[in-house]
Amino acid sequence: MEYNFSDIEKKWQQHWKKVGTYQVDNESTQPKCYVLDMFPYPSGAGLHVGHPLGYIASDIYSRYKRLKGFNVLHPMGFDSFGLPAEQYALDTGQHPAETTRKNIATFKKQLDNIGFCYDWSREVQTSNPHYYKWTQWIFLQLFNSYFCNTEQKALPISRLIEKYATKGALPKKGEPIPGRHFTADEWNHFTEEKQQEILMRRRLAYSKYGEVNWCEALGTVLANDEVVNGVSERGGHPVVKKKMRQWYLRITAYANRLLEGLDKVDFSDSMKEMQKNWIGKSTGAEISFNIKGQPKNQSGLTVFTTRPDTIFGVDFMVVAPEHACIEKITTPAQKPEIEKYLQYVKSRSDRERQSEVKQITGCFTGAYALHPFNGKEIPIWTAEYVLAGYGTGAIMAVPCGDERDFAFATHFQIPITNIIGHHFTGKEANPTKEAILENSDFMNGMKMSEAIDFAIQKLEESGIGRRKINYKMHDAGFSRQRYWGEPFPIKWVNGMPVALDEKELPLELPHVATYKPGPEGQGPLANIKEWTDMNLETNTMPGYAGSSWYFLRFMDPHNEKTFCDRKVSDYWNQVDLYIGGTEHAVGHLLYSRMWTKVLYDLGYIGFDEPFKKLVNQGMIQGSSRFVYRKNGENKFISKAFIEKHQIQQLHVDVNLVDGVELNIEAFKKSKPEYANAEFLLEDGKYICGSEVEKMSKSKFNTVNPDDLVVQYGADTFRMYEMFLGPVEMSKPWDTKGIEGVHRFLKKFWRLFADETQGLIVTDEEPTAAEMKILHYTIKKIEQDTERFSFNTAVSTFMIATNELTDVQCHKRKILLPLLILLAPYAPHIAAELYQSVQQAASMEEADVVNAAFPKFEEKYIKESSKNYPVAVNGKMRTTINIALDADQKQVEEIVLQNDIVQKWLDGQSPKKIIYVKNKMINLVI
RNA sequence: GCCCCGGUGGUGGAAUUGGUAGACACGCAGGACUUAAAAUCCUGUGACCCGCAACGGUCGUAACGGUUCAACUCCGUUCCGGGGCACCA
């Protein structure tokens, strides 16, 4: 009886599929557990070994929870809208729906090979009209809602309209800076356009003009990804920023709740930190500066600062190059220079503007602001280091306290005012809050940290400014000038967006003849006459639309009446465990948290955080291999000799290399041009170079799980992926080690079966030593699985197998529970052996998937003594076996009698003997 | 540039709360079985020093410094690698 993994795996996968073992009910008396993976984008390249890392982890956890008696929801689907499919369509003319269908089929087949316990009857695909009907429906909820600042939640926009019609929108008492206010009477006499425009300022999904990367030569808008150093990745054409009408989600309204919600979820500290930084809450003041020569209180310049205490240290102002005021304030003399500068900035990405800090650029507008307290004239500059999207897009620069302001002042020789005395050396800025203020009028002599509040008070009293909380986060751009995304359920009437009726959903994506961009950088939908004739919105939604709520659809995937029945979402509730990569730290996770909060506010679901616990899997990097071709010849030089030749380094497919040794025959066959290649070998071998890089097809370092499953089986593959290291950590892939795990499974098999005798399991009573091995393993596997330490769990299985082999244990009472422990990790081999060992009545009973997790009993592993490490001055010198219940005095006696301890004491008596029960003993001399 | 994570033998990693650094594997070396190979099994394997021996010594967790009876673990500084930075997913 041999371990024939391919037969076994096929048999059980078919059985589980036939019986519907993994289908989950929405009703159960058992406690629920919802385990979810971040669903993949089905790329044309198929699955590589990096993808399944998180899936295997969640699969193990799901199976474990099932053994523990939970009703486990563990679904899978596809995030199937996206740019690559559209690019592929542009290149080949194939419809994205078609390529997507093919890619999904490949992915599913690859996933099924690995033996996951997904309930495929719940599969969702975001590009399926049955699914995106509800994405569009949720969009309409967003469009038809506003964020009520009093209640701090989303409410139907009808409530706001009613309020405007009866009470108007009047300034709050003491509001110093006038906003856009009107009475109820005024509202009722506004034109509809005007009313809609006002409502647009409050809708959670709204439309306004925003900037995009525009490439004139390609006639299209590009993703940041597609822009490299200011030119398009394809073709290298110039890219500039262009204003276009766009849709946005008012995620900023939820900034504070997104921040506070982090206290309620179990994400890693670093993940919370990243989200906090993204939201970027800061408290400070908004201050208005009048401009010299302009009427007061009209076209002033408003800045946001976290340090109003430094207001007397302002030496210049900087406005973002996009700031609307530049046009108004620039003096005729400076105009040519400013225009030249703005042209330059247009070609620069935000990233470049922030990162290239050593290169200081800017331009004087010729205008001056007036200091609000003393009327001093302050020059107004524009510079790329101030971003339009942050704060008010304008800053007051205090060079003695801010590094970038200091560098700017130095570069342009702007005189610096020192308000912090000796804390400022003149050589670098000092951002301290501890200094005592000087040259600061009414704040002279105050400590800066205390002056902040005082300054705000003064600003508010004199109507110059007000306390302000600012968020770095800005509203999320929600439209793309693309084809392969959800169409907006919106049509334009008299320049106003009007929501389609729910009954008209889904608004299906029409077929197009070409995927080329529409006129003026609009999306391909603008090329379709029937579409534009109906005045339908030609933008589509971005990739994150469908993924912002898919975890809800999995609960109730076939519901035609609603996106997810409230009763069902009340049962499944939050996702208990969510596994995915950190690359989604801020995007997807914040959007789905926001959508959940909106749906909660509107009463559609009963929880406002989607993911209770989040585990981030690390990236599996590729380990690339290189061959070295002699320049101008079809000759390859082994690594040892490359210094001596003029060579070209080429990526070689890692699948043609064993470790670093090239399989020359396979290499020759891989490409016709290599068929007659010559080789300069070392010790008869061709040795390749290697480097760790991102795993990608273009680097020829991808490893396909299918190949490994064929060679070693799914169980070996699953356990090896886990054995590589902690799930959260990134690590390079190395196929070499997989043999070890495979050997382990074969060894494990031999505990049960012999090649000649077949099954060798006996009914003998286990010894105390064997029970100890079993119960230690139960404890460790349970602990490690609960804390997602799957790599140490695998080594625990190895240790148990090694120990049981050593004592030649083939006893049913030990092996049967061990199989249940192993089942989540290696389900096929466990199922096969369980069926053989267990003399069960029915197939259902004989299936280890339905077994109960063994119960750990302390009594079997209890020890009465411990081998204590004994250290002298912190250095371990020997170990002594001492009873666990020994007290300090007894321990001291035993230790001092020990020969080795005596040797190290060298006649002296120890100053102190530290004895930590169950840990160690340390003698201090 | 900013934010987050990581750095331990030839390699992947272990050390769960500050308490025996290197578990478990890979690789390598040697051996057993075999006509041979595969498979399997056994032994050794951080570096260095002393030695007939070892239950002998010194060093060692990116580098430097600190806290502590005790530091891979805590604090500070530096270096290196990875991820994110708002239209890749």
Side-chain angles (χ1 to χ4, degrees), chain A residues 38 40-43 79 81-84 87 212-213 221-227 246 251 268-271 273-274 276-278 280 350-358 385 389 404 472-482 542-544 547 581-588 590 616 618-619 621 659 692 694 720 723-726 728-734 736-741 743-744 746-747 750 783-784 787 789 791-792 794-799 802 867-879 899-900 910-914 916 918-925:
Chain A
M38 287 185 188
Y41 173 79
S43 78
D79 188 14
F81 272 134
L83 210 52
Q87 190 53 45
V212 293
N213 298 315
V221 174
L222 296 176
N224 284 340
D225 219 44
E226 300 172 299
V227 184
Q246 304 269 59
I251 194 168
S268 69
D269 288 342
S270 61
M271 175 62 53
E273 192 69 24
M274 276 190 262
K276 272 182 200 158
N277 288 334
W278 183 270
D350 277 11
R351 183 90 52 86
E352 288 168 337
R353 286 170 57 176
Q354 284 170 83
S355 58
E356 291 165 22
V357 288
K358 279 177 194 142
Y385 80 94
R404 283 171 311 175
K472 195 159 103 202
M473 178 167 72
H474 49 242
D475 283 341
F478 197 65
S479 46
R480 304 290 182 262
Q481 293 70 42
R482 295 288 175 180
Y544 65 82
S547 61
T582 31
E583 63 270 28
H584 300 286
V586 281
H588 162 63
L590 277 175
N616 292 114
M619 288 241 297
Q621 292 141 332
V692 171
K694 219 174 190 167
Y720 182 57
F723 190 59
L724 276 178
E728 307 92 338
M729 243 155 61
S730 293
K731 54 236 153 190
W733 177 263
D734 177 15
K736 277 243 140 172
I738 198 168
E739 302 266 359
V741 175
R743 254 172 238 161
F744 149 72
K746 284 198 279 192
K747 192 168 181 179
R750 286 199 301 275
Q783 268 179 6
D784 284 356
R787 70 188 177 105
S789 178
N791 55 327
T792 53
V794 175
S795 66
T796 300
F797 283 122
M798 290 174 170
I799 293 168
N802 291 345
N867 233 3
Y868 278 93
V870 180
V872 178
N873 280 340
K875 280 191 168 52
M876 218 280 286
R877 294 304 178 186
T878 188
T879 56
D899 286 349
I900 295 169
K911 278 191 203 129
K912 206 190 210 176
I913 298 179
I914 292 155
V916 184
N918 209 10
K919 292 277 186 201
M920 47 68 68
I921 295 156
N922 188 17
L923 290 90
V924 186
I925 310 177

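By convention in this document, chain letters (A, B, ...) are assigned in the order of the sequence lines, proteins followed by strands, and residues within each chain are numbered from 1.
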### Query
Within this structure, what is the CG-to-P distance between A:Asn918 and B:U16, rounded to whole angstrom?
14 Å
### Query
Would a distance-only check, ignoring hydrogens and angles, find a side-chain to backbone donor-acceptor pair under 3.5 Å from A:Asp475 to A:Ile251?
yes
## Note on the structure
From CE of A:Met876 across to C1' of B:G60 the rounded distance in Å is 15 Å
### Query
Got A:Thr582 and A:Met274 here, is their nearest side-chain heavy-atom distance under 4.5 Å?
yes
### Task
Please measure how far the P atom in B:C79 lies from the corresponding atom in B:A63, and state the result in whole Å.
15 Å
### Message
Taking only the P atom of each, what is the distance from B:G22 to B:A71 in whole angstrom?
### Response
16 Å
### Task
Return the value, rounded to whole Å, for the distance between atom CG of A:Leu724 and atom P of B:A14.
11 Å
### Task
Give a yes or no on whether a salt bridge exists between A:Lys694 and A:Glu583, defined as a side-chain N under 4.0 angstrom from a carboxylate O.
no
### Query
Listed by chain and number, what are the side chain to side chain donor-acceptor pair (under 3.5 Å) partners of A:Thr879, not counting sequence neighbours?
none
Report, one pair per line, the protein and nucleotides 3-5 of chain B atoms (nitrogen or oxygen only) whose separation is under 3.5 Å.
residue : atom : partner  : partner atom : Å
B:C3    : O3'  : A:Asn277 : ND2          : 3.2
B:C3    : O2'  : A:Asn277 : ND2          : 2.6

### Summary
A:Tyr544 and A:Gly477 have their tightest heavy-atom pair at OH-O, 2.9 Å
#### Entry: A:Phe744 CZ - B:A39 C1' separation (whole Å)
18 Å
### Message
Using a heavy-atom cut-off of 4.0 Å across all strands, would you classify A:Pro732 as base, sugar-phosphate, or nothing?
### Response
nothing
### Task
Let me have RNA chain B in dot-bracket notation, would you? Count Watson-Crick plus G-U wobble pairs, both distances under 3.5 Å, and use [ ] for pairs crossing earlier ones and | for inter-strand partners.
(((((((..(((......[....)))((((((.......))))))((((......))))..(((((..]....))))))))))))....
### Query
Can you list the residues that meet the side-chain contact (heavy atoms from CB on, under 4.5 Å) rule with A:Ile799, with sequence neighbours excluded?
A:Glu803
### Pairwise C1' distance, B:G18 and B:C74 [rounded to whole Å]
8 Å
#### Entry: Distance, rounded to the nearest Å, where A:Arg787 contributes CZ and B:A14 contributes C1'
10 Å
### Message
In whole Å, measure the gap between the C1' atoms of B:C72 and B:G46 for me.
### Response
15 Å
### Query
So, the side chain of A:Tyr868 versus the backbone of A:Lys919: is there a donor-acceptor pair under 3.5 Å, distance only?
no
### Task
Nearest-nucleotide wise, let me know which of A:Val916 and A:Ser789 is further upstream toward the 5' end of RNA chain B.
A:Ser789
#### Entry: Distance, nearest 0.5 Å, that separates CZ of A:Phe81 from OG of A:Ser547
12.0 Å
### Query
Roughly how far, to the nearest 0.5 Å, is the NZ atom of A:Lys912 from the CG atom of A:Asn922?
9.5 Å
Kindly give the atom pairs (protein nitrogen or oxygen, nucleotide nitrogen or oxygen) under 3.5 Å for nucleotides 23-28 of chain B.
residue : atom : partner  : partner atom : Å
B:A25   : OP1  : A:Asn802 : ND2          : 2.6
B:C26   : OP1  : A:Arg743 : NH1          : 2.6

Protein-nucleic acid N or O pairs under 3.5 Å, nucleotides 48-55 of chain B:
none

### Task
To the nearest 0.5 Å, tell me how far A:Trp733 CH2 sits from A:Tyr720 OH.
5.5 Å
## Note on the structure
Between the CE atom in A:Met473 and the CG atom in A:Leu590, the distance rounded to the nearest 0.5 Å is 6.5 Å
### Message
What contact category does A:Lys875 fall into here, base, sugar-phosphate, or nothing, at under 4.0 angstrom with non-hydrogen atoms?
### Response
sugar-phosphate
### Query
Sub-3.5 Å donor-acceptor pair from the side chain of A:Ser268 to the main-chain atoms of A:Met271, do we have one?
yes
#### Entry: Pairing residues for A:Lys746 by the side-chain contact (heavy atoms from CB on, under 4.5 Å) criterion, not counting sequence neighbours
A:Tyr3, A:His742, A:Arg750
### Query
In whole Å, what separates the P atom of B:C75 from that of B:G7?
14 Å
### Query
What is the distance from atom CG of A:Leu83 to atom CZ of A:Arg480, rounded to the nearest 0.5 Å?
9.5 Å
### Summary
Interatomic distance, CG@A:Asn616 vs CE@A:Met38, rounded to 0.5 Å, equals 6.5 Å
## Note on the structure
Sequence neighbours excluded, the answer for side-chain contact (heavy atoms from CB on, under 4.5 Å) partners of A:Arg787 is A:Lys780, A:Asp784, A:Ser789, A:Thr792
### Message
Restricting to side-chain contact (heavy atoms from CB on, under 4.5 Å), what partner residues turn up for A:Tyr41, sequence neighbours left out?
### Response
A:Ser43, A:Pro84, A:Ala85
### Query
Given the C1' atoms of B:C85 and B:U20, what is the spacing between them in whole Å?
45 Å
### Query
Taking side chain as C-beta onward, heavy atoms only, is A:Met729 less than 4.5 Å from A:Leu724?
no
### Task
Could you measure between the two P atoms, the one in B:A23 and the one in B:G12, and give it in whole Å?
15 Å
### Query
Do A:Asn873 and A:Val924 touch side chain to side chain, with heavy atoms closer than 4.5 Å?
yes
Under 3.5 Å, which N/O atoms of the protein pair with N/O atoms of nucleotides 68-72 of chain B?
residue : atom : partner  : partner atom : Å
B:C69   : O2'  : A:Asn922 : ND2          : 3.1
B:C69   : O2   : A:Asn922 : ND2          : 2.7

### Task
Return the set of residues passing side chain to side chain donor-acceptor pair (under 3.5 Å) with A:His474 (not counting sequence neighbours), or none when no residue passes.
none
Output one line per pair: protein atom, nucleotide atom from nucleotides 85-89 of chain B, and distance, for all N/O pairs under 3.5 Å.
residue : atom : partner  : partner atom : Å
B:C85   : N4   : A:Arg351 : NH1          : 3.4
B:A86   : OP1  : A:Arg351 : NH2          : 2.8
B:A86   : O5'  : A:Asn224 : ND2          : 3.2
B:A86   : N6   : A:Lys472 : O            : 3.1
B:A86   : N1   : A:His474 : N            : 3.1
B:C87   : O4'  : A:Arg480 : NE           : 3.1
B:C87   : O4'  : A:Arg480 : NH2          : 3.2
B:C87   : O2'  : A:Asn224 : N            : 2.4
B:C87   : N4   : A:Gln246 : NE2          : 2.9
B:C87   : N4   : A:Gln481 : OE1          : 3.3
B:C88   : OP2  : A:Asp225 : N            : 3.0
B:C88   : O4'  : A:Asp225 : OD2          : 3.0
B:A89   : OP1  : A:Leu83  : N            : 3.0
B:A89   : O3'  : A:Asp79  : OD2          : 3.0

### Query
If anything within 90° of 0 is syn and all else is anti, what is B:G9?
syn
### Query
What integer number of Å spans the P atoms of B:A15 and B:C69?
28 Å
